[in-house]
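Only one structure is covered here, and it is reproduced in the block below.
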Amino acid sequence: DRLGRSVITNWSVSETLLADDIPRRSELFLGFDALAGHLTSAASASSVQKAIPLALRILEHAGFPGGMISLVFKEKPDDWIRAIDGFGGKWKTEIVKRTSRALQGNDILAHAVRQPDPVIVRDAQTDPRCNTEAAVAGGVRSFVALRLMDETHRYVLGVLQVDVGDKRRRRLNPETL
């Protein structure tokens with residue numbers, strides 16, 4: 001520090017290195033760094049299928065442990081939402097292949113499509129709106145689900161799920177995520 005003392009013995013350094021939360025300024029930096037590094041390529045992708053992995057790469061670069069994008073499919077007589085791609089942990093290997101839901105149901109994805117605000121899930125392994133078998137297989141605990149809108153904001157294209165770690169004992173506020 002400025003007085004010549006070792007900062008290694010300072011408890012705040014240990015807390016910073018060992019804490020499970022990243023300081024807010026670091027979160028902001030990670031977010032902007034991720035956007036700067038990948039947003040142009042994701043926004044200029046020639047198809048939705050090419051944009052999805054690029055969008056997921058933004059989240060991965062920002063330091064989120066996992067996530068998934070599911071798209072809405074309008075198929076008569078039923079409308080569906082199906083996972084397309086994921087990253088991190090077992091999202092890609094376990095959750096994606098188990099995710100195809102009717103939009104008329106009470107599943108978390110159907111709920112997120114109908115809800116304009118982010119949907120917070122504290123414990124996917126016990127939440128009745130979630131496929132608990134998939135959550136256990138994928139090791140997923142807490143996540144935020146956000147609906148993805150078209151550029152006119154009239155049509156829901158899909159849902160983005162962002163793994164936020166294990167927040168069962170913490171209060172989650174969508175404005176601070």
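The minimum heavy-atom distance linking Ala145 with Val159 is given by the pair CB-CG1, 4.0 Å. Shortest non-hydrogen contact noted between Ala83 and Ser70 is CA-OG, 3.3 Å. The minimum heavy-atom distance between Ala134 and Arg98, with the atom names listed, is CB-CD, 3.6 Å. What you find for Ala110 and Gly105 is that their closest heavy atoms are CB-O, 3.5 Å. The two residues Ala137 and Glu94 come nearest to each other via the heavy atoms O-CG, 3.8 Å. Residues Ile95 and Gly138 approach most closely at CD1-CA, 3.8 Å, considering heavy atoms.
Hydrophobic clustering (ILVMFWY, side-chain heavy atoms < 4.5 Å, transitive): Val96 and Leu103 are in one cluster. If you chain together hydrophobic residues whose side chains sit under 4.5 Å apart, Val48 and Ile84 fall into the same group. Trp80 and Val156 fall into different hydrophobic clusters, where Ile, Leu, Val, Met, Phe, Trp and Tyr side chains are chained together by heavy-atom contacts under 4.5 Å.
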Determine all donor-acceptor pairs shorter than 3.5 Å in which one atom belongs to a side chain in residues 146-153; sequence neighbours excluded.
unit_1 : atom_1 : unit_2 : atom_2 : d
Arg147 : NH1    : Val113 : O      : 3.2
Asp150 : OD1    : Thr152 : N      : 3.4
Asp150 : OD1    : Thr152 : OG1    : 3.0
Asp150 : OD1    : His153 : N      : 2.9
Asp150 : OD1    : Arg154 : N      : 3.0
Asp150 : OD1    : Tyr155 : N      : 3.2
Asp150 : OD2    : Thr152 : OG1    : 2.7
Thr152 : OG1    : Arg154 : N      : 3.4
Thr152 : OG1    : Arg154 : NE     : 3.4

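The structure places NE2 of His111 at 9.0 Å from CG of Asp127, a figure rounded to the nearest 0.5 Å. Expressed to the nearest 0.5 Å, how far OG1 of Thr99 lies from CE of Met68 amounts to 4.0 Å. Rounded to the nearest 0.5 Å, atoms CZ (Phe87) and CD1 (Ile52) are 13.5 Å apart. The distance from the SG atom of Cys130 to the CG atom of Leu109 is 8.5 Å, given to the nearest 0.5 Å. Distance check: Leu157 CG to Phe73 CZ gives 11.0 Å after rounding to the nearest 0.5 Å.
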Can you list the steps and then say if Val119 with Arg129 is a side chain to side chain contact (heavy atoms under 4.5 Å, CB included)?
-> CA-CA 11 Å; Val119 178; Arg129 301 171 298 172; 3.7 Å; yes
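By the 4.5 Å heavy-atom criterion applied to side chains, Leu59 and Leu160 are counted as neighbours. A 4.5 Å side-chain heavy-atom check between Ile108 and Arg101 finds every atom pair outside the cut-off. For the pair Asp107 and Ile81, the minimum side-chain heavy-atom distance is 4.5 Å or more. Side-chain contact check for Asp85 versus Ile69: every heavy-atom pair is 4.5 Å or farther apart. For the pair Phe64 and Asp163, the minimum side-chain heavy-atom distance is 4.5 Å or more. No side-chain heavy atom of Gln125 sits under 4.5 Å from any side-chain heavy atom of Thr132.
Glu133 CD: 12 or fewer foreign heavy atoms inside a 6.0 Å radius.
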